[in-house]
Amino acid sequence: MITLGHYLVVSGMLFALGLAGVIARRNIIIVYMCLEMMLSAANLALVGFSRFHLVNGLPDYTAQSLVFFTITVAAAEVAVGLAIIVALFRSKQSVDVESVTKLQG
Amino acid sequence: MSVLEIIIALPLLAALAIWLGAPARAASLGATFLNLILVLVATVQYSGKAANGLAFTYSRPILDNPSLSFAVGADGISLILALLTTLVMLSAVWQIEDRPNIFYISSLLIGGGALGAFLTTDVFFIYAFHELALIPTFLMIALHGRADAAQRKAVAWKATIYLGAGSLVLLVGLVWAVLEFSGGSKLTFDLEALRNQATLTPLPAAKQAQIFFVLLLGFGSLVSLFPFHSWAAPAYATAPTPVAMLHSGVLKKFGLYGLIRIAMPLLPQAVHVEWVQNALLLMLLGNILVMGLVTIHANRLDDTLANSSVMHMGYIFLGIAAGTEIALKGAVILMFAHGVSIALLFGLCGRMRNQLGTLEYNKLGGLAAHAPAFTVLFAFGAFASIGLPGLTNFAGEVMIFAGSFTSFKAGVLSNLHWTVFLALWGVVMSAVYMLRAYRSIFHGSATTGLFMIDPAVSQRVPFILLAATLLVTGCCPWLLLNLMKSAL
Amino acid sequence: MHASIILLLPFFSALLILLGHRQLKGAAVLISVGSSIISFVACLFFLAADDDNKLLLPFIEVGQLQAGIDVLIDKQSRGMMFIVSFIGMLVHIFSLGYMKDDDAKPRFFGALSLFMFSMTGIVLAGNLIMMFIFWELVGLSSYLLIGHWYQKASAAEACKKAFLTNRIGDFGFMIGILLLFGANGGNVNLDDLATAFSSGPLRPDAPGYSAGFTTAAALCIFLGAVGKSAQFPLHVWLPDAMEGPTPVSALIHAATMVAAGVYMLVRVSFLITASPLAAEIIAGIGCVTALLAALMATQQNDIKRVLAYSTLSQLGYMVMAVGAVAMAAQHGHVPHAAEPGHPAMFHLYTHAFFKAMLFLGSGAVIYACHHEQDIWKMGGLRKHMPVTFWTFAIGTVALMGLPPLSGFWSKEAVLGAAYDSGSNILFHAGTLTAVLTSFYMTRLLIVAFLGKPRTDSAHHATEAPMVMILPLAILALFSIFSAFDILSTPLQAMKPPHVEGHQTVLFASLIALIVGAGGAIYLYRGKDKDPVSIKLFANKFYFDEIYAVIVRVCQDRLAWIVTGLERVFVDGLVARLPAAIVARLGAATRMLQGGHLQGYTFLLGGGVIAVVYLVVFVLPRLGH
Amino acid sequence: MSVFTIEAGLALLGLVLLLVEAFKPDISRRTLGLTAIAGTALALVLLVFAKHDTASLPSFMQPWHQLDTLALFYKGFALVITLLVLWLTLECAPYLTRFTVDGKLAEMFSLPLIVCVGMMWMASARDLVTVFVALELVTVSFYVLVAFARKSAFSLEAGVKYLILGALSTGILVYGIAWIYGATGTMSFDGIAKALANPATSKTAALFGAAMLLCGLGFKVAAAPFHMWVPDVYQGAPTPVTAFLSVGSKAAGFVVLTRALDAFLVEGSIIATEIQALLLVVGSLTALLGSLPAIFQTSVKRLLAYSSISHAGYLLLALACRDSARFDLSSGGIVAFYLATYLPLTVLGFLGLGLMRANGLGEDIKDFAGLAKRNPLLALLMTISFASLAGLPLTAGFIGKLFVFLGLADHGYWGALSCAVIAAAAGFYYYFKTILAMYTSEGTDSPALTLSTATKSVAGVLALTILILGVYPKPLQKVLTPASEAVAVK
């Protein structure tokens, strides 16, 4: 029997992996993909909670509606984000996180 | 509309007018002179009506709850300090010659801030007006101070950070007091309301002591209470003359005024709580003895004056520590006296520096020969600060000392009494450094090349004004005391 | 009425002159001299004034502190007032001649008027605070007058020294006043204090009486007198004060101001009588001063300095008398008399005349010898300045105590008091001082006036002008006759009743006179230089040097150390250390903003973990 | 008219402007800008006359959209700041276009309208879904705005940093929302409050969710330790955008925080003490971490960024002081008040910076040297702005700070109060440093600065607002007082 706990563990692992990737990877594209993974982790948790939170015997769909929004927002973010990263690549010929260190102090 | 509002607004409006292009000297002299007249009239009127309670009150609410209002009102203490402010402001402005407009503007702002602090009765505005002077003081020291750029900036920074931090601590104390004394559910910053509440439901002494101590630290740093004094001496020694006159003479009195007008009435038992009193006594002894010795060590006139001004604060704090009616009134008189005398001395000191280019004792001497009037004026200031009877400072000091002894029982000496004895030794020390200064500058034979002549009569006016004030109120301190009959 | 004229006339004169002497010019002198003459006339009326104690002007009136300008009129103040105004007037007149060529004449006369005002204030003072006020003001006028020739470094130093030394005395005086103020419920009126000590809350059998307090108060007040009357160990300023113009020395530093200490002690004699220890100490200090000063006087060569040490010595006499009378009173020796009398005040009264005269005489000599003050450069002045010589001689013998001149009577009274005090030391030391007095005064007279002129300036000396001679002559008359009832009664001198049976005292003083004078004649007749040389005396027991070291170590060096400590510790701990910490923190926190995206993500992620850990695991555990 | 219509209209205007620019490339940016400004101004006027109660909304919206005073206030706030930013953009346009592709600025006029709508929406949000959507609308638009001056390496770098860190915070926020939902079973603030007041709710899950949510929101409002992006992004972004971020984005974050905390800290909430403690810790830390590194700043723009962090700290501390029965304003009201006073100060400061740039000068403190000689008016206005930021009394900046101090002292949070005091004291240093630079005589040989009348009047109005609010804050309090009642009723 798969319980809420299983979903949450998976989601937690996804989230942690995502975070670790964001922190550890140097390629901005990969960093960005890890961010998407974190959003997915949140989505998974939402769906899991929604599934096990029964209202009148049915899952509560408010949470699942948020999932749709999240996916949309993620898409928008990717659209804008990739545009920026491309601009970065054009000007620096690199998508390494270390290529943006001018602003500091 | 109250006459006090006009008094507060005049210098600020004059400053604005000068910024907009009005002739600086005429505008500032006019405004300050008119202000002096107004304050004098108000003072006479006040002592005419039996000198009772707050007068000329008017209130404009600016916030409901916490209730803040632009409330003006004056009792004897405020009027005495307003008189001090207008006197010093007029002299300070008068003695500015051939300097940029910013000298006039900042003098007016500092003076206006002080007037606002002394004549409003809402804690918010009392605090706020004092802060108004922070930026002009800072800029004037940093930009027009009497040292090379790096040094004067360092001095300005020290003073500003100190004053800024001190006023923040003060703000915490005031906020605490307001919270404790507002009573009921509404918060109010109105001093009268707070005082009423404090009489109705006094706090336990231990709590009073805590609040008082925070206020003491806050107000104390503004008055250069030892050990929070190290900003003051360099700042005064470096500041341009009008700023030194106004800040050391007037604005510094704000902290003391706050303690007497706000802290003491709200927390009447606090100074009698042992640890508070002992701490205060220790700190003020630091002012008197440590700073007395530091002053003796000084070898330039500006250093001597600046350090002495820190030292003399100790006596006023002694009045506060004693906490009796006589001592507190003495403290007010001494505030007035010190303000006038130090402003006089700084004014003259500035003149000397302009004419001679140096203030070091071992380079000066024999100035009395060619500048007798200048010498007499300086002597007024110097002997006033030594505490010579017949000049105002003496009356204040003797009242403070006597006020500390009203509770004396034969054979039992408390810490307060011992402090008074040590403070009396400070009087000896102040004679040491003042006479040393006087001796080195005016007595002896003139050093080659360095000599000065008396200022023209019109340029003497501001100093004569201050010296005459010292003499008149020194011979007749009851003129001032009559104003405070019902105060405290 | 007279009191206010006497008090305020010189005040306005001083104010007018000091503030407007440029405009007034010569008129300043007239104003000052005129006011002194009017005061003197008013004072003659004042001699007949009734005993009174009334408020003249308000000063400070708050709660318990009621310090006004109130006058206490009794025999003591009437008599003292006469001395002050009389000698003051004569000195004003004398100065007309002496200061004729001085550029700063108006300033001098202004300060002289200021002095008259302040001294009058001390004399009339009805309460201790008023007395303190004028006490300080005489200090100021003394400062101004000693420093009259401020261009001279020695004068500038001397006036500073005088003021500061007096300040130390005033330090004690103020403490004493405060102690009495507190103990007597804020009342420092002299009359009321006397009542309080005799029958009020401060009487010895009152509940809570503290003998220590009484002694402390008495000694603190006495410290004021020590300063003003130049008693050991604060005597060092008086000889230096001779840097002032000689009329000033006569008026202030011989006849009146320095005697104010004695006057004040007699005013508070109720306090001294109440404390045996204080009385002994006072008598002892007076005795030591008298003796030391007399010893120093024997080796001085400056005519004014000899007189200055003599003054010191005589002041010591008076102070000793104050203590001795109190000691005697404690032993029950209260001389019964209808009229209040006091040996100290009596000696003050006679001493004022002859010492003022001696100083004025020395002034005339200095004037004649073109400001030569060394007695070894004089000699033979008798022929050139006969009037001066004769008046000086009268003064000398009066000071030595030759019967029946005034000095004899008062000195006998002082020695009598010492004898009655029950302390042999006092009496013997007093007698020894009398010997020395005769010795050094005779020496002075012989060396300066007799023999042959030793220098040109002495040779060409001529008699002083009339304005200077006249005061000398008048004072000479007073020196001779002032102790007789014919003068002392109308002048309200506090002559003690003559006690029969003091044969010892009488003999002692006569023997002292003969021994001292004889010794001096033997040693100094016809000598051109000093045959005796005692370094210790000539150098005034090295007091100045010792004090210089004390000032250097205890004040200048201490100031240096404290200044250093203040900069390092106070400024360092309170200002610079926090500033440095904040700056360091600022730099450290700024390192967080390294600009590296990875660093930011790391911190952000770490922050999240930290917050979650804190909220989920730490805070619930804390319980609130 | 319904408020919602205004929002929709504004969004439409934004889209139209975007399209117009795309299809009619020769349209002048002045026309675009003025249209946007006119539209915003119109919206502001309409807002005043619109129906001001939740009941006026369509019934389907009411569960997730409300119109209390706080919401209305923030809507007005959003419109005002948008208006100012649009005007500022127009003012800085000649300079900005040097760094944009083809010298176009259309998005700089249309995206702020979108952001504005997002902020207005957020002010009304009643549940976490709405919050998320509105927040992302704002954030994603800001990604574009920050990186808008693409030819400038700084702007691009700021854009990348904001993008990565912003997206990271979004992830954390959603994860937090998920867990709160998991713990309480609802998305609406009312429901969450109700569930948290029920002791049966899992405390650990609720705490975990709340902490994550607050971390996500903390990023938006620049709370420590999620504030690192602020200096870099503020410095790199075009000045109008920085002003927008500093005032608008922060206000949006705080309105959500206010709503969320009203739910978390409801009477009897099982997680109240922990959250409150967290707020105190984070608030103190933020005030300090904003103030301390600023001491050594040489770039005024970066300085203002740190200042913005520090102010966020005070605002968080204000939020930590709940239930002050003693003043009329609730903590949410105080935050709103503070933000309202903060708006003119910051905008005036950035306006000054923008004008410096527009006149070809830099943004470092040394570039300010001698400003008083070159343009006394601008120097005076900047002095007022910086003095007010430092919290000098008689200026608007002080009143807000006073409220915070009052609240902290009232609750006896002495530790947090000390941190606030230290931060404020350090603030004196760096604000005064800039003021001092303006009055020094160095650099006075540089040419005089001239300002257009419009600039002068806008800046003058801002400065006057600062001074008037400093001595007469009553009107602002009046506007906010019902808001606090609405919060209290809940």
Select one option (side chain, backbone, both, neither) describing which atoms of [X] are under 4.5 Å from chain D's heavy atoms.
X	result
A:Ser40	neither
A:Ser99	neither
A:Thr70	both
A:Phe69	both

Which atoms of [X] are under 4.5 Å from chain A, going by heavy atoms: the side chain, the backbone, both sets, or neither?
X	result
D:Met228	neither
D:Ala158	both
D:Val129	both
D:Ala167	both
D:Phe132	side chain
D:Phe296	neither
D:Lys161	side chain

If only side-chain N and O atoms count, and only distance matters, is there a donor-acceptor pair under 3.5 Å linking A:Ser50 with D:Tyr181?
no
Please work out whether the ring planes of A:Phe15 and D:Tyr175 are parallel, tilted or perpendicular, with thresholds of 30° and 60°.
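Taking D:Tyr175 first and then A:Phe15, their aromatic rings lie parallel (interplane angle under 30°).
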Check step by step if side-chain contact (heavy atoms from CB on, under 4.5 Å) holds for A:Ile85 and D:Leu163.
CA-CA 9 Å; A:Ile85 293 168; D:Leu163 173 74; 4.3 Å; yes
Side-chain contact test, heavy atoms from C-beta onward, threshold under 4.5 Å: evaluate it for [X] versus [Y] and give yes or no.
X	Y	answer
D:Leu128	A:Leu66	no
D:Val146	A:Ile84	no
A:Leu46	D:Met187	yes

Pairs of donor and acceptor atoms involving the side chains of residues 18-38 of chain A, under 3.5 Å and at least two apart or interchain, shall be tabulated with distances.
from, atom 1, to, atom 2, distance (Å)
A:Asn27, OD1, A:Ile29, N, 2.8
A:Tyr32, OH, A:Glu77, O, 2.9

Counting heavy-atom pairs under 4.5 Å with chain A, which one of D:Val140, D:Leu168, D:Thr298, D:Leu137 comes out on top?
D:Leu168
Can you tell which of D:Lys151, D:Glu136, D:Gln297, D:Arg302 has the highest number of heavy-atom pairs within less than 4.5 Å of chain A?
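Ranked by contacts with chain A, first place is D:Arg302.
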Looking at every non-hydrogen atom in both residues, tell me the closest pair between D:Gly185 and A:His53 and how far apart they are.
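Shortest heavy-atom separation between D:Gly185 and A:His53 comes out as O-CE1, 3.1 Å.
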At their closest point, which heavy atom of D:Glu157 faces which heavy atom of A:Leu103, and how far apart are they?
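It is OE2-N, 2.9 Å.
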